[in-house]
Every structure is written in structure tokens, then in C-alpha cells.
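Below is one structure, written out as C-alpha cells; the observations come after it.
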Amino acid sequence: MAAVSIRRSPLDAAGVEQEEGGIQSGREWRRRLLSGAAVYLRRLAPELRWQLKRVSSSCGSLNVVCVPTIAVFACIRDLTLDPVDACFHFSCTSELVFWKLVPGEIQIVDMAGKNSHYNRRASSYCSSTTIVVFVALCLVAVWMVASSNIAPAKLPSSEMKNKVTGGGTKPPKGGSGDVTEDSLKEEAINDENVVPSKSDIESDKISEVAVQTKEKNPSMGDEETNENSDALDKNDSDANGEQDVESNEKGEDAKQGHDTNHGETDGEGNKQKSEQGVIEEKLDRSTNEDKDDNQSKNKDEHEVFPGAQSDILNETDMQNGAWSTQAVESKDEKEMQAASSSKGQIIEYSWKLCHVSTGADYIPCLDNEAAIKKLRSTKHYQHRERHCPDNALTCLVPLPDGYKQPIKWPKSREKIWYSNSPHTQLAEVKGHQNWVKVSGEYLNFPGGGTQFKQGALHYIDVIQEALPDIAWGKRSRVILDVGCGVASFGGYLFERDVLTMSFAPKDEHEAQVQFALERGIPAISAVMGTKRLPFPSKVFDVIHCARCRVPWHIEGGMLLLELNRLLRPGGYFVWSATPVYQDLPEDVEIWQAMSSLTKSMCWDIVAKKNDTLNQVGFVIFKKPSNNKCYEERAEDEPPLCQESDNADAAWNVPLQACMHTLPVDSAARGTMWPEQWPERLTKPPYWLNGPQLGVYSKPAAEDFQADYEHWKQVLNKSYLSRIGINWPNVRNVMDMRSIYGGFAAALRDMKVWVMNIVPIDSPDTLPIIYERGLFGMYHDWCESFSTYPRTYDLLHADHLFSKLKKRCRLLPVIVEVDRILRPKGKLIVKDNADTISEIENIAKSLHWETIVIYLEGKEGLLCVQKTMWRPTR
């Protein structure tokens with residue numbers, strides 16, 4: 001008889017409170033052990049139609065699950081089993097105690113002496129062998145009674161090798177079924193193949209475009225594209241040089257997030273067995289509920305990690321039978337050692353504070369003083385552009401003295417704690433324009449600006465009056481505010497259901513972007529210098545500049561031509577500046593230059609108005625919707641860009657003084673205006689209705705809708721109530737790896753805004769995000785993000801870090817997460833189990849609190865909370 005191994009998880013998967021010191025009662029231990037085995041059987045062989053029934057709580061008559069020899073297995077495959085009784089569920093299945101079984105090699109024997117009734121098609125040899133096995137199992141029962149005080153030790157949940165010991169394929173000639181205590185302990189240490197005791201559920205996880213490899217063939221996790229794929233779970237040789245049994249299983253791969261650009265897998269390949277799903281939550285539940293209540297528990301447990309999929313393990317053929325080859329095993333072992341030499345080990349980290357001149361406001365890629373000193377010129381604001389250090393940040397940014405939890409939105413729009421951003425220079429310089437004022441322990445923001453001293457809302461309404469077609473919150477949903485100051489314009493556009501991407505450089509206007517983010521208004525630190533802004537082309541409905549101090553008219557209009565790249569065909573540019581309404585010689589000269597430039601760019605002036613209350617004026621230009629004007633120009637100045645120039649390429653791409661032609665294909669992006677808000681949020685863009693496939697390998701429009709439904713389910717069943725997030729305290733949110741913006745769209749009714757980040761090595765879906773009325777930007781997470789420290793309440797990373805590990809070290813990335821996350825802010829990670837464990841290890845070293853950790857198979861969910869802790873040196 002094959003050896004039996006037992007594993008008891010240190011975590012309580014369904015929230016059942018654990019018992020100190022293990023299970024003291026031998027009878028209770030056996031009951032839990034056998035009920036776990038029954039659940040294992042139910043999932044292992046669904047084709048046998050097990051109907052597991054609950055018996056009396058005393059479990060006086062127990063059924064035993066055993067692993068007979070290969071010979072018996074060959075007969076059992078043809079048997080039909082009647083329903084049998086078993087100690088099923090209770091609350092003990094929550095303890096995740098299982099008997100280790102070789103798939104398919106199953107026998108049921110009643111400890112009370114009654115054999116299950118088999119179909120008479122079974123051979124007499126099988127019947128004889130069954131009797132032998134029954135006798136052996138009686139000995140097991142005697143042993144179990146004798147060892148009533150033995151309880152399994154708690155074992156760590158780290159990944160372990162799965163070994164099935166035995167002397168080969170030759171069946172024993174009637175040997176004893178005894179399992180010694182030593183062998184039991186030895187197998188418990190080596191076991192990892194723990195199958196979740198959960199009912200099969202339909203997966204809501206959407207697997208990205210699958211890339212076939214020699215090791216693994218992922219399949220879609222959607223009901224419309226549900227396929228089986230072969231996955232070979234390989235084991236290493238045991239200590240005695242004996243080959244391990246390799247279970248060749250067919251099942252659905254629950255892994256999500258395969259990189260379509262690089263054909264990356266999750267780094268696991270097929271070296272690991274599926275780990276049992278475990279969850280850490282402080283929930284107090286009864287341990288003796290009936291079967292229906294336990295089924296409800298199992299369903300709720302799945303909802304903590306929506307997107308997880310319970311694999312159905314079916315038998316499948318294998319070229320080399322039940323044994324792996326030495327070549328494959330050796331290859332896999334070498335790859336595993338190279339990829340995760342420290343797997344299962346806890347790595348200690350020693351943290352230090354960053355000692356830099358900018359102190360608590362340190363932005364590594366904008367405060368790289370060494371790189372800035374080496375610049376040959378700063379004429380085009382090169383010193384305000386990104387210059388990331390060669391070595392990524394591994395120190396921690398200190399907190400400002402007296403830091404407090406930020407004031408909640410919407411009160412934060414009017415005031416913030418002075419101690420959180422202790423800067424007064426802007427109040428001294430711009431206080432008379434109602435940018436910001438110091439008032440005791442607060443910084444107050446009256447809502448004014450250089451061009452709207454009497455308040456942003458009045459200014460916004462005047463623009464609407466000047467051009468009703470601008471239709472704030474309907475036609476115009478996503479806008480760009482250049483040189484935003486403290487972002488009051490964008491902050492009050494929330495009143496009109498408009499989402500504003502505000503940006504300004506980190507310059508002498510001290511901490512202006514930091515003020516904006518502390519107020520709960522979206523903003524980034526950026527400058528119009530020598531490179532394209534990190535946005536795709538033709539995405540902003542309106543671009544706004546109010547005394548933004550950008551010389552639009554110089555050098556062939558290069559900077560204004562960058563706005564032309566970003567502005568949607570038919571979109572508007574609102575320019576409020578002194579050349580529009582003053583007659584000073586310098587202003588007149590600039591106005592004439594701007595008029596000539598915009599005319600040559602085919603921009604039309606559609607409105608020009610003076611605001612008598614604020615004593616300012618503005619002009620509104622409209623970008624053409626087609627190429628007719630370009631073709632009719634007398635002079636090709638500014639020139640059209642070459643056809644090979646990709647207008648959507650925006651990461652570290654130098655600016656060019658040229659215009660991109662507009663699309664002519666009616667099915668191309670940019671030929672039609674999006675649906676009005678809010679219809680555009682949920683309706684696939686018209687240009688996704690073609691035959692092209694989406695990220696998840698479905699037709700693009702179906703992909704779009706499936707992604708949205710997926711994230712609505714995740715939000716409703718998990719994120720909103722089950723992972724410890726107090727949403728009223730959340731305002732600034734970042735999706736660190738967004739696909740279609742489904743996560744942000746699902747949060748629409750919350751009082752939050754979401755910065756959608758499309759990593760530079762991910763499919764370029766950012767135009768889709770803008771098309772649906774959301775916003776975001778490109779970024780490389782191997783570098784620091786262009787924001788101040790402590791500016792986001794919630795960071796969300798869906799299968800980001802496992803992909804990122806192939807390009808750069810994970811530690812500096814988590815340090816960057818620590819930099820931009822506010823104290824008491826949370827990080828949600830959905831990724832493979834190895835990456836989850838690695839991140840949790842780093843988070844613990846940072847003194848972060850683990851709110852939820854859930855592992856199911858090779859997938860996991862982690863929610864951690866940053867604390868106020870900082871190192872002392």
C-alpha cells in the first residue's frame with residue numbers, strides 16, 4: 001500500500017477559529033482527517049458520482065479512504081459504486097486536513113465491516129484483492145485507535161516538494177496496511193499537493209492571450225472559452241534515488257495575466273503542485289454547522305478571492321506513462337533553482353532612511369541632482385524632466401514631522417493639514433490670487449487661481465456660456481490642464497462630472513502638485529520640455545491652459561503641436577492668458593504669433609470672451625475633424641509627420657515640430673466622437689467592433705465587456721466589503737496595471753478617482769481607457785513614478801509584480817510603493833503564490849499589517865496596510 005501523508009494547514013480557510021495546541025482528541029483528529037479525505041475524493045473523481053452523506057457527530061462508524069496498489073486500480077476503473085456514507089464537512093474541512101492520494105487509485109471500505117456494493121462486472125481478482133486490502137485497513141483502524149492522543153503538527157504553508165514513496169510499480173503480495181508514525185511525519189513534511197475542499201465554481205477569472213510553451217498550455221478562464229489544457233506536474237527524485245510518481249492531470253489553468261507581448265508565463269511552469277487555498281481573516285464562526293451552512297461558507301470563501309478557480313483534476317494520457325524522465329526532471333530542477341534559490345526562506349531586510357536634500361518630498365527621477373548637474377543645457381526645461389538614478393531606490397523616504405491622516409474628501413478640497421505639506425512659499429507668492437492661504441494648522445484653498453481669483457466654478461461656467469457645445473460632463477469628459485498650479489480648476493470640475501488630468505513641473509512653485517494630491521485632486525509632476533507627454537494620441541476632449549507660462553509660439557510651435565497630438569479630432573483648446581485680452585506690446589506680439597500658428601495648424605477660433613468678474617479673457621480653438629484643411633494649405637508649415645511616425649508612441653520619445661494626419665477609415669479611432677458620458681463608460685468603443693482580438697483572446701468588444709463584468713464581480717463580492725478596506729477613507733486610487741480600465745469603471749459610484757497605469761511592456765490599451773471616459777498614463781515600474789511621496793490611498797496591482805520580476809528587482813518596486821502610498825494606505829495584489837509570498841515577506845519587514853492573504857493553487861490575493869513606521873537611521 002502506498003504511504004499516506006497528512007498535512008494540516010496553519011491557516012483557517014473558512015474563518016474557523018483555530019484550536020491552541022492542535023486537536024487534542026484522537027477521535028476528533030480522525031474524524032477531521034477522514035472527512036477531509038472524503039472531500040478530496042469528491043473533487044478527485046467526480047465521474048464516480050460520489051454522494052457523501054453526513055453521519056452522526058460522534059463518527060462512531062467511519063469510512064476509510066485508502067490507496068491500493070496499481071493492480072487494484074486497474075480493476076476499480078470499471079466499477080460502479082453505490083452511494084456510501086462518510087463523515088463529510090462538519091466544520092473540520094475548514095482545517096484543511098487531507099489524506100494524500102494518487103489520482104484515480106481509490107478504494108472505499110467501511111470500518112464497521114460493510115463493504116460498498118460494487119457492480120458485478122468487476123473481476124474475481126479484484127474482489128480477492130479488495131478483501132486483502134480490507135484486512136490491511138482493519139490494521140490501520142487498530143493503529144488509529146491506539147494512537148488516539150497523536151495530533152498532526154502544524155506545518156508552515158510554504159511550498160514543499162510532493163513525494164509519493166514506494167518501491168516501484170509492482171504491487172505488494174498482501175503486505176500490511178500499517179503506516180508508521182515516522183513515515184507519517186516524514187510524508188507530512190514533504191507533502192504539498194493539497195486540493196481545496198471547495199465545490200466547483202465557474203471561474204470569473206479572465207486569462208490573457210495564452211502563449212503556448214513546452215511546459216504549459218493555458219486556457220481561457222471564461223465560460224465561453226472554457227478549454228482543457230495538459231499540465232504535467234513534475235516531482236524531483238527522492239532521497240533514495242527512486243523516481244516519483246508523476247500525476248498527469250488535465251484541468252483548467254486558473255492563472256491570469258499572461259503577457260501577450262513577451263509570451264511570459266508566471267514563472268512557475270509545471271514544477272509545482274497546486275497549493276491549497278488559505279486565507280487569514282479574523283472571523284469568528286461556529287465549528288459545528290450543518291452541510292448547507294458549510295456550503296455557504298465555501299461560497300463566501302471563494303468570494304474573498306473572486307477570480308480563483310477550483311481545478312477539476314481529470315486523468316489524461318502522457319507520452320511516458322505515469323513516470324517522468326530524468327532529462328525533464330533535471331531540466332526543471334535546474335530552472336527552479338535558478339529562478340527561486342531562496343524559495344521558502346524568509347529573507348531579512350535592513351532598512352535605512354533616504355538622506356537627500358529634498359527630505360520628505362523626495363521624487364527620485366525628478367530630484368536626481370547628479371544627473372541634472374551633467375546636463376548641457378536647461379533651455380528647454382531639461383532639468384525639470386525625468387532623470388532616474390542608475391540604481392533604483394532602496395531607502396525609505398521619511399515622514400514630515402507631525403504627519404497626520406489626511407482630511408477626507410470633499411473637505412480636503414478646501415483645506416489640508418499644514419504638517420503634511422509644510423510649505424508656505426506658495427501662500428506668500430500666490431495668496432492674493434486665492435491659490436492657498438495659511439490658517440493655523442491648516443492650509444486653506446479658496447478655490448481661486450491666477451485667471452479665476454473669484455473661484456473656479458464661476459470660471460468653468462463662463463467657459464460653458466461662451467461655447468455651449470463644450471457641454472461639460474456630457475460631450476467633454478476627460479480634459480488635460482497644463483500648468484495646473486494647485487489644481488483648483490480640475491478639483492471643481494468634479495462638480496460638472498469632468499475628470500481632469502492636471503500636471504505641473506516641480507519648480508519654484510513649491511509643492512503645487514503635492515498640494516493638489518493632498519487635496520484629493522488628480523495631478524502628476526511633468527513638464528512640456530523635450531519629450532512627448534506619457535499619453536497616447538487623440539484622447540483628450542479638452543485641453544486647458546490658464547497662464548500656464550508655456551511659450552506655445554516659439555520653435556515652430558513644437559509644444560503646441562504636442563497638444564495637437566493629444567487633442568481628440570474636433571476637440572477644444574481653451575487658452576486663458578494676457579495676450580488674449582491685453583494690449584501690451586509683448587502681448588500683442590504673442591497673440592499675432594499664436595493666431596498665425598493656429599491658423600496654419602487648421603485650428604479654428606470658435607469663441608473668445610472676457611470674464612468681467614475676474615477681469616480676464618480666454619479664447620477657444622477647435623481642432624479639425626478631418627484632413628481637408630491640411631490638404632488645402634498653401635504652405636506645408638508646420639509640416640506633416642512622416643507616415644512611419646507612430647503618434648501613440650509616448651515613452652521617452654523626443655518632440656517633433658510636425659502634425660500627424662487624421663484617420664480616414666470610418667472604423668478607425670478618431671473618426672467619430674465617443675458616446676456622451678456616462679454611456680461611453682460601459683459601451684465598447686465603435687472601433688473595437690472589428691475582427692481584431694482583445695487582450696484575453698476574445699473578439700475585442702467581448703473582451704471589453706467581459707473585463708468590465710469581471711471587475712464588477714470582484715468589487716461587489718470582495719473588495720468592497722471582505723478585505724478590510726474602509727472606503728470612506730479612500731480618495732486617490734491607482735491601478736498599477738490596467739487593461740481596459742474595468743477596475744476603475746467598477747468604482748464609478750464611489751467618491752474616488754483612479755489613475756490607470758498601462759506599463760510600457762503591456763498591451764497598449766490606454767486609448768480604450770480614455771475612450772470610455774477614464775484617464776491614465778504610461779509608466780515603467782522599474783523606475784520611480786512622477787509623484788510626491790504619500791499621495792495615494794490605495795494601490796491595486798493585478799499580476800504586475802510577477803511580470804516585473806523578469807525585468808527588474810522586486811525590492812525597489814515595493815520601496816516605490818512604500819514611497820507613494822500614504823500611511824494607513826493599502827496595497828491589493830493579485831498574483832501567483834510565489835510572488836504573493838515574496839511581497840508579504842517584504843511588507844512584514846516594513847512593519848506593514850497583513851489584512852488578508854489568500855492562496856488558491858498557484859494564485860493568490862494579498863491586502864496589506866502601510867503603517868507609520870520608519871527606521872530610525
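Excluded from the calculations below are hydrogen atoms, water molecules and symmetry mates; all remaining heavy atoms, backbone and side chain alike, are included. Starting from 1, each residue takes its place in the sequence as its number.
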Legend entry - Distance-only side-chain donor-acceptor flag, D645 / Q656, under 3.5 Å: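 Their side chains do contain a donor-acceptor pair, which is all the 3.5 Å distance test asks for.
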Inset, instruction - Using distance alone, with no hydrogens and no angle criterion, decide if S537 and D648 have a side-chain donor and acceptor under 3.5 Å apart. - result: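 Yes.
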Salt bridge (Lys or Arg N to Asp or Glu O under 4.0 Å) involving [X] - partner list, sequence neighbours excluded:
{"X": "R822", "answer": "E518, D793"}
{"X": "E679", "answer": "none"}
{"X": "R790", "answer": "D361"}
{"X": "K805", "answer": "E838"}

[X] side, atom [atom1]; [Y] side, atom [atom2] - distance, nearest 0.5 Å:
{"X": "N756", "Y": "I768", "atom1": "CG", "atom2": "CD1", "result": "12.0 Å"}
{"X": "L821", "Y": "K866", "atom1": "CG", "atom2": "NZ", "result": "6.0 Å"}
{"X": "I828", "Y": "I851", "atom1": "CD1", "atom2": "CD1", "result": "10.5 Å"}
{"X": "C388", "Y": "L366", "atom1": "SG", "atom2": "CG", "result": "8.0 Å"}
{"X": "E675", "Y": "R475", "atom1": "CD", "atom2": "CZ", "result": "13.0 Å"}
{"X": "K683", "Y": "L688", "atom1": "NZ", "atom2": "CG", "result": "12.5 Å"}

If you take all heavy atoms of [X] and [Y], which pair is closest and at what distance?
{"X": "L810", "Y": "I839", "result": "CD2-CG1, 4.0 Å"}
{"X": "I363", "Y": "P789", "result": "CG1-CD, 4.5 Å"}
{"X": "G520", "Y": "R731", "result": "O-NE, 2.9 Å"}
{"X": "S476", "Y": "V542", "result": "OG-CG2, 3.5 Å"}
{"X": "I769", "Y": "G741", "result": "CG1-N, 3.7 Å"}
{"X": "L800", "Y": "P759", "result": "CD1-CG, 4.1 Å"}

Taking only residues two or more places apart in sequence or in another chain, which ones pass side chain to side chain contact (heavy atoms under 4.5 Å, CB included) with [X]?
{"X": "P505", "value": "R384, D507, Q512, V527"}
{"X": "S721", "value": "none"}
{"X": "T530", "value": "H380, Q382, E385"}

Legend entry - Derivation of the salt bridge (charged side-chain N to carboxylate O under 4.0 Å, His left out) call for D707 and K712: CA-CA 9 Å; D707 179 78; K712 283 198 302 182; over 6 Å; no
Treating [X] as the side-chain partner and [Y] as the backbone partner, does any N or O pair qualify as donor plus acceptor under 3.5 Å?
{"X": "R669", "Y": "P663", "result": "no"}
{"X": "N832", "Y": "K858", "result": "no"}
{"X": "D703", "Y": "V695", "result": "yes"}
{"X": "W848", "Y": "L827", "result": "no"}
{"X": "D541", "Y": "R477", "result": "yes"}
{"X": "S718", "Y": "L715", "result": "no"}
{"X": "T791", "Y": "Y788", "result": "yes"}
{"X": "N732", "Y": "L517", "result": "yes"}
{"X": "D481", "Y": "G490", "result": "no"}
{"X": "K538", "Y": "P569", "result": "no"}

Legend entry - Derivation of the side chain to side chain contact (heavy atoms under 4.5 Å, CB included) call for W781 and V817: CA-CA 10 Å; W781 283 114; V817 168; 6.0 Å; no
Inset, instruction - Test F704 against W687 for ring pair (Phe, Tyr, Trp, His ring centres under 6.0 Å), laying out the working first. - result: CA-CA 12 Å; F704 175 95; W687 41 272; 9.4 Å; no
Do [X] and [Y] make a side-chain contact, defined as non-hydrogen atoms from C-beta onward lying under 4.5 Å apart?
{"X": "R565", "Y": "R532", "answer": "yes"}
{"X": "K826", "Y": "V864", "answer": "no"}
{"X": "R737", "Y": "I757", "answer": "no"}
{"X": "V754", "Y": "M734", "answer": "no"}
{"X": "E783", "Y": "E816", "answer": "no"}
{"X": "F503", "Y": "V482", "answer": "yes"}
{"X": "D834", "Y": "S837", "answer": "no"}
{"X": "D749", "Y": "L747", "answer": "no"}

Legend entry - Those residues that, when tested against F494, pass ring pair (Phe, Tyr, Trp, His ring centres under 6.0 Å) (two or more places apart):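 Counting only residues at least two positions away or on another chain, F494 forms a ring pair (Phe, Tyr, Trp, His ring centres under 6.0 Å) with W409.
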Legend entry - Geometric cation-pi criterion, R772 with Y708: 6.0 Å, 45°: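 Judged by the rule (NZ or CZ under 6.0 Å from the ring centre, within 45° of its axis), R772 counts as positioned above Y708.
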Inset, instruction - Determine, stepwise, if the pair Y719 / H796 fulfils ring pair (Phe, Tyr, Trp, His ring centres under 6.0 Å). - result: CA-CA 11 Å; Y719 289 2; H796 179 256; 5.4 Å; yes
Inset, instruction - Count the heavy atoms of every other residue, nucleotide or ligand shown that sit under 6.0 Å from CG of D665, and state whether that count exceeds 12. - result: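 Correct, the count exceeds 12.
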Inset, instruction - For Y686, look at atom OH and say whether over 12 heavy atoms of other residues, nucleotides or ligands are found less than 6.0 Å away. - result: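 Yes, enclosed.
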Inset, instruction - Step by step, work out the side chain to side chain donor-acceptor pair (under 3.5 Å) result for D831 and H799. - result: CA-CA 4 Å; D831 220 310; H799 288 83; 4.8 Å; no
Inset, instruction - Provide the full list of ring pair (Phe, Tyr, Trp, His ring centres under 6.0 Å) pairs with a residue in residues 643-673, sequence neighbours left out, each pair given once. - result: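 Non-adjacent pairs meeting ring pair (Phe, Tyr, Trp, His ring centres under 6.0 Å): W651-H779.
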Legend entry - ring pair (Phe, Tyr, Trp, His ring centres under 6.0 Å) pairs, two or more places apart, involving residues 522-543: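 Those involving residues 522-543 are F535-F540, F540-Y770.
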Legend entry - disulfide bond (SG atoms under 2.5 Å apart): pairs with one or both residues in residues 731-808, sequence neighbours excluded: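 For residues 731-808: C782-C808.
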Inset, instruction - Quick one: which residue pairs count as a disulfide bond (SG atoms under 2.5 Å apart) with a foot in residues 672-711, not counting sequence neighbours? - result: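 As it turns out, there is no disulfide bond (SG atoms under 2.5 Å apart) pair with a partner in residues 672-711 once direct neighbours are skipped.
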Inset, instruction - Let me see the working for M777 and M755 under side chain to side chain contact (heavy atoms under 4.5 Å, CB included), right down to the final yes or no. - result: CA-CA 8 Å; M777 59 185 291; M755 180 70 74; 4.3 Å; yes
